[in-house]
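Order of appearance sets the numbers: ligands from 1, and atoms from 1 within every ligand.
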Amino acid sequence: MRLAALKEAPYAFGSTYEREVEFDDATWQRRVVDRVRFVVEVDGEVAGTVSGGDGEVTGAAAMTAMWVEPRFRRRGVGEVLVKTVLEWARGNGYSRMFLWVTAVNAGAEHLYLRLGFVRTGASQEVRPGELEYEMSREV
Ligand SMILES: CC(C)(COP(=O)(O)OP(=O)(O)OC[C@H]1O[C@@H](n2cnc3c(N)ncnc32)[C@H](O)[C@@H]1OP(=O)(O)O)[C@@H](O)C(=O)NCCC(=O)NCCS
């Protein structure tokens with residue numbers, strides 16, 4: 001799923017398909033231990049995924065690797081994923097949730113705004129000449 005996401009929406013992520021396709025099994029296994037990985041299923045088909053883990057500051061969580069398979073978009077799957085990772089953060093004692101969204105990804109930013117995230121004012125280059133913005137909300 002992660003490789004499909006990187007291939008389908010390269011504009012949305014800091015990492016690349018070319019980088020991650022080289023990962024060995026041990027790396028993939030470590031990645032499902034290091035961070036929590038959720039999937040949403042629709043009629044038995046995997047429709048989307050999101051990850052959660054420690055953020056950069058104490059008490060903060062970070063939401064990453066959010067992707068909905070194109071056939072299932074605009075049906076509320078993304079909203080379920082965000083709400084699920086917020087619920088996970090709440091249950092694990094985090095007080096804030098952070099994420100990064102690329103400047104070209106207005107659709108995703110719109111979803112995050114609708115669900116209570118606001119830009120923190122922090123930005124960074126995700127690729128040469130291309131910015132991403134940090135957003136956060138209380139959990
Ligand atoms: C962003 C993404 C996860 C949204 O998933 P989704 O299942 O379509 O989201 P939902 O159906 O729950 O919510 C849709 C809402 O998000 C916003 N939205 C989503 N895509 C949008 C788009 N292309 N243009 C404008 N608004 C958009 C709207 O507010 C929309 O609500 P509406 O359909 O009532 O207008 C999905 O488009 C995706 O996987 N994109 C590629 C990867 C990506 O951008 N990941 C996020 C990295 S930060």
Side-chain angles (χ1 to χ4, degrees):
M1 257 213 123
R2 173 66 175 165
L3 291 176
L6 290 168
K7 217 175 204 175
E8 190 277 327
Y11 58 85
F13 304 108
S15 188
T16 63
Y17 176 84
E18 289 69 24
R19 174 174 169 266
E20 297 197 12
V21 76
E22 301 295 336
F23 286 172
D24 58 15
D25 284 352
T27 303
W28 288 113
Q29 281 159 14
R30 195 170 55 246
R31 282 162 61 99
V32 294
V33 175
D34 288 351
R35 303 180 64 71
V36 63
R37 310 273 175 179
F38 292 104
V39 296
V40 165
E41 285 184 9
V42 177
D43 299 331
E45 279 193 85
V46 179
T49 182
V50 72
S51 303
D54 282 336
E56 286 168 26
V57 293
T58 311
M63 189 181 115
T64 55
M66 162 109 161
W67 181 69
V68 174
E69 212 273 338
R71 282 180 302 133
F72 295 101
R73 286 187 190 156
R74 305 303 286 266
R75 289 165 56 177
V77 173
E79 182 173 334
V80 168
L81 288 165
V82 174
K83 288 183 171 168
T84 300
V85 83
L86 283 167
E87 201 176 297
W88 162 83
R90 214 168 288 132
N92 283 276
Y94 294 98
S95 55
R96 287 201 82 75
M97 177 68 74
F98 286 82
L99 62 86
W100 290 92
V101 62
T102 56
V104 293
N105 203 356
E109 182 166 0
H110 198 259
L111 172 64
Y112 300 141
L113 282 168
R114 196 152 71 67
L115 296 176
F117 287 84
V118 291
R119 285 196 194 178
T120 65
S123 64
Q124 63 188 19
E125 244 187 2
V126 61
R127 273 171 281 282
E130 194 189 320
L131 287 181
E132 62 179 353
Y133 302 114
E134 187 183 54
M135 301 183 83
S136 86
R137 59 158 276 178
E138 277 181 17
V139 301

A.B. asks: Is the backbone N or O of Y11 less than 3.5 Å from a side-chain atom of T102, with the two atoms forming a donor-acceptor pair by type?
C.D. replies: yes
A.B. asks: Supply the atom-to-atom distance E18 CD to K7 NZ, rounded to the nearest 0.5 angstrom.
C.D. replies: 9.0 Å
A.B. asks: OH of Y112 to CE of M63: how many Å apart, nearest 0.5 Å?
C.D. replies: 4.0 Å
A.B. asks: Establish whether M66 and F13 are linked, either directly or via other cluster members, by ILVMFWY side-chain heavy-atom contacts under 4.5 Å.
C.D. replies: no
A.B. asks: Going from CD on E132 to CD on E125, what distance comes out if it is rounded to the nearest 0.5 angstrom?
C.D. replies: 10.0 Å
A.B. asks: Given a heavy-atom cut-off of 4.0 Å, could you list the residues near ligand 1 in chain and number order?
C.D. replies: A9, Y11, A12, M66, W67, V68, R73, R74, R75, G76, V77, G78, E79, W100, N105, G107, A108, H110, L111, Y112, R114
A.B. asks: Please list, one pair per line, the donor and acceptor atoms closer than 3.5 Å that link side chains of residues 51-60 to other protein atoms, with sequence neighbours excluded.
C.D. replies:
{"from": "S51", "atom 1": "OG", "to": "R37", "atom 2": "NH1", "distance (Å)": "2.9"}
{"from": "D54", "atom 1": "OD1", "to": "Y94", "atom 2": "OH", "distance (Å)": "2.6"}

